[in-house]
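In what follows, a single structure is set out as structure tokens and then discussed.
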Amino acid sequence: MSQATERLHRYLEDELGECCTEDVDDRLEELDTLAAALGPERAEAELDVLSALGNGTRYTLVRVLVAAGEELCVCELNAVVDVSESGLSHALSTLVDAGLVEGYKEGRWKKYRATNRAIALVTVLEGSVSVDE
């Protein structure tokens, strides 16, 4: 019996009052089902989104676009973050790839807006983090 299985056995014994190998096997099967429901592809896709937000510049861009509630020109976004044009372009490309922003060309201007995914994530974060004032 592996160390993890032994710990699970002890846990189930505490929870159930007694535990047998069948109880451990049943619980391991339930846990495997939970893990399989997530799936490695879904986990990887979700990690890509979280990774895109894991940079101060990209996170600021998403927050500004969500707060704006409308599309903003890349020149407006450049005024918000202190990065080079290529850095801004790379950050926006990463956010587009993660499905957090959409960009389109209007004449000679490139405009971006937050997606519903970005709005949902920012809304969840706003409701889950408190800032001491």
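For the numbers below, each heavy atom of this structure counts, side chains included, while hydrogens, waters and symmetry mates do not. From a predicted model like this one, the values you see are computed outputs, not experimental measurements.
- With hydrogens and angles disregarded, no donor-acceptor distance shorter than 3.5 Å links the side chain of Arg58 to the backbone of Leu53.
- Two different hydrophobic clusters hold Leu77 and Trp109 under the rule that ILVMFWY side chains link at heavy-atom gaps under 4.5 Å.
- Annotation: side chain to side chain donor-acceptor pair (under 3.5 Å) contacts of Glu76 (sequence neighbours excluded): none.
- Of the candidates Leu95, Val62, Val96, Tyr112 forms a side chain to side chain contact (heavy atoms under 4.5 Å, CB included) with just one, namely Val96.
- The side chain to side chain donor-acceptor pair (under 3.5 Å) test applied to Arg7 returns no partner, not counting sequence neighbours.
- Identified under the salt bridge (charged side-chain N to carboxylate O under 4.0 Å, His left out) test for residues 37-50, with sequence neighbours left out: Arg42-Glu46.
- Take Ser86 and apply the side chain to side chain donor-acceptor pair (under 3.5 Å) test, not counting sequence neighbours, and it matches Ser84.
- Remark: Val81 engages Thr57, Thr60, Leu61, Val83, Leu88 in a side-chain contact (heavy atoms from CB on, under 4.5 Å) (not counting sequence neighbours).
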Can you list, pair by pair, the side-chain donor-acceptor contacts under 3.5 Å of residues 113-125, counting residues two or more places apart and other chains?
unit_1: Arg113; atom_1: NE; unit_2: Glu102; atom_2: OE1; d: 3.2
unit_1: Thr115; atom_1: OG1; unit_2: Gly99; atom_2: O; d: 2.6
unit_1: Thr115; atom_1: OG1; unit_2: Leu100; atom_2: O; d: 3.1
unit_1: Thr115; atom_1: OG1; unit_2: Arg117; atom_2: N; d: 3.4
unit_1: Thr115; atom_1: OG1; unit_2: Ala118; atom_2: N; d: 3.3
unit_1: Arg117; atom_1: NH1; unit_2: Ala98; atom_2: O; d: 2.6
unit_1: Thr123; atom_1: OG1; unit_2: Ile119; atom_2: O; d: 2.7

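- Although no hydrogens or angles enter the test, the distance criterion places no donor-acceptor pair under 3.5 Å between the side chain of Ser93 and the main chain of Ser89.
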Determine all donor-acceptor pairs shorter than 3.5 Å in which one atom belongs to a side chain in residues 63-75; sequence neighbours excluded.
unit_1: Arg63; atom_1: NH1; unit_2: Tyr59; atom_2: OH; d: 3.4
unit_1: Arg63; atom_1: NH2; unit_2: Glu126; atom_2: OE2; d: 3.0
unit_1: Glu71; atom_1: OE2; unit_2: Tyr104; atom_2: OH; d: 3.4

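- By the side chain to side chain donor-acceptor pair (under 3.5 Å) test, Glu106 pairs with Lys111, sequence neighbours left out.
- Contacts of Glu30 classified as salt bridge (charged side-chain N to carboxylate O under 4.0 Å, His left out), with partners at least two apart in sequence or in another chain: Arg27.
- The salt bridge (charged side-chain N to carboxylate O under 4.0 Å, His left out) contacts involving residues 77-96 comprise nothing, where partners must be two or more places apart or lie in separate chains.
- For Arg108, there are no side-chain contact (heavy atoms from CB on, under 4.5 Å) partners two or more places apart in sequence or in a different chain.
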